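Only one structure is covered here, and it is reproduced in the block below.
Sequence positions, counted from 1, serve as the residue numbers for this chain. Only heavy atoms go into these numbers, but all of them, side chains included; no hydrogens, no water, no symmetry mates. Keep in mind that this is a model prediction, so the values were computed, not measured.
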Amino acid sequence: MGAQEVELADALQRIEDGAPLIDVREQSEWDEVHAPQATLLPMSELQARWAEVPADDEHPAVVVCHSGYRSAQVVAALERAGVPAVSLAGGMVAWEQSGAPVVRPGQAAADGERGHEH
């Protein structure tokens, strides 16, 4: 069974309705740019920290990474552990491209800025 994936509009609605947003990228990626409402839980620390993800059937966690690959792996692992979660399709790439708010080092939350390169 593959991880459930949601598009950005659905993810944003879920977050607004109370679902936590869990960012599974590494610290250096987080420091570059992240969603203001996200909580950092690097994939490399998941085995030790998975219990920090709320097991809420009504509001499954929305998991985000850079492009959606790692978040799908994390969602599959969380679901095996009985923690409901969904993966954000397209990851932070889709988040930024949509113009959704982001946080960058030394800046307050800003509307998605253009020209961010990878």
Side-chain angles (χ1 to χ4, degrees):
M1 178 173 130
Q4 182 182 352
E5 193 173 67
V6 296
E7 296 299 322
L8 182 65
D10 186 16
L12 291 170
Q13 185 61 56
R14 287 168 179 255
I15 294 163
E16 187 176 310
D17 291 343
L21 177 62
I22 308 295
D23 191 326
V24 297
R25 299 174 305 150
E26 295 303 314
Q27 184 72 53
S28 61
E29 295 171 288
W30 168 271
D31 290 345
E32 189 177 318
V33 62
H34 60 270
Q37 59 275 67
T39 299
L40 179 63
L41 178 57
M43 185 175 174
S44 62
E45 299 174 18
L46 184 67
Q47 190 169 356
R49 297 178 56 198
W50 69 269
E52 293 176 31
V53 180
D56 183 344
D57 288 329
E58 190 173 332
H59 301 291
V62 176
V63 181
V64 64
C65 64
H66 176 71
S67 63
Y69 179 74
R70 286 176 285 179
S71 59
Q73 292 180 305
V74 168
V75 166
L78 288 170
E79 292 204 336
R80 283 193 300 273
V83 179
V86 296
S87 174
L88 174 59
M92 280 302 296
V93 170
W95 186 282
E96 283 190 89
Q97 287 175 345
S98 78
V102 296
V103 175
R104 294 182 188 281
Q107 294 182 354
D111 288 330
E113 297 174 0
R114 302 296 178 211
H116 181 70
E117 295 179 26
H118 274 271

Atom [atom1] in [X], atom [atom2] in [Y]: separation rounded to 0.5 Å?
{"X": "L88", "Y": "D23", "atom1": "CG", "atom2": "CG", "value": "10.0 Å"}
{"X": "W30", "Y": "L41", "atom1": "CH2", "atom2": "CG", "value": "10.5 Å"}
{"X": "E7", "Y": "S98", "atom1": "CD", "atom2": "OG", "value": "11.5 Å"}
{"X": "Q73", "Y": "S87", "atom1": "CD", "atom2": "OG", "value": "10.0 Å"}

Where do R70 and E26 land on the salt bridge (charged side-chain N to carboxylate O under 4.0 Å, His left out) test, with the steps shown first?
-> CA-CA 11 Å; R70 286 176 285 179; E26 295 303 314; 5.0 Å; no
Within-4.5 Å side-chain heavy-atom neighbours: [X] and [Y]:
{"X": "P42", "Y": "R49", "result": "yes"}
{"X": "M92", "Y": "V102", "result": "yes"}
{"X": "V63", "Y": "M43", "result": "no"}
{"X": "L40", "Y": "H34", "result": "no"}

Cluster link V86 to L78, ILVMFWY, side chain under 4.5 Å |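 They do not share one cluster, since no chain of ILVMFWY contacts under 4.5 Å joins V86 to L78.
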Co-membership, hydrophobic cluster, residues V64 and I15, 4.5 Å side-chain |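 V64 and I15: one cluster.
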Atom of [X], atom of [Y] and distance for their closest heavy-atom approach:
{"X": "P60", "Y": "A19", "result": "O-CB, 3.3 Å"}
{"X": "V75", "Y": "A3", "result": "CG1-CB, 3.6 Å"}
{"X": "V62", "Y": "A11", "result": "CG1-CB, 3.9 Å"}
{"X": "E79", "Y": "P84", "result": "OE2-CA, 4.3 Å"}
{"X": "L8", "Y": "A94", "result": "CD2-O, 3.9 Å"}
{"X": "A35", "Y": "L21", "result": "CB-CD2, 3.6 Å"}

Would you check if the side chain of [X] reaches a backbone N or O of [Y] as a donor-acceptor pair within less than 3.5 Å?
{"X": "W95", "Y": "P101", "answer": "yes"}
{"X": "E32", "Y": "E29", "answer": "no"}
{"X": "H59", "Y": "D17", "answer": "yes"}

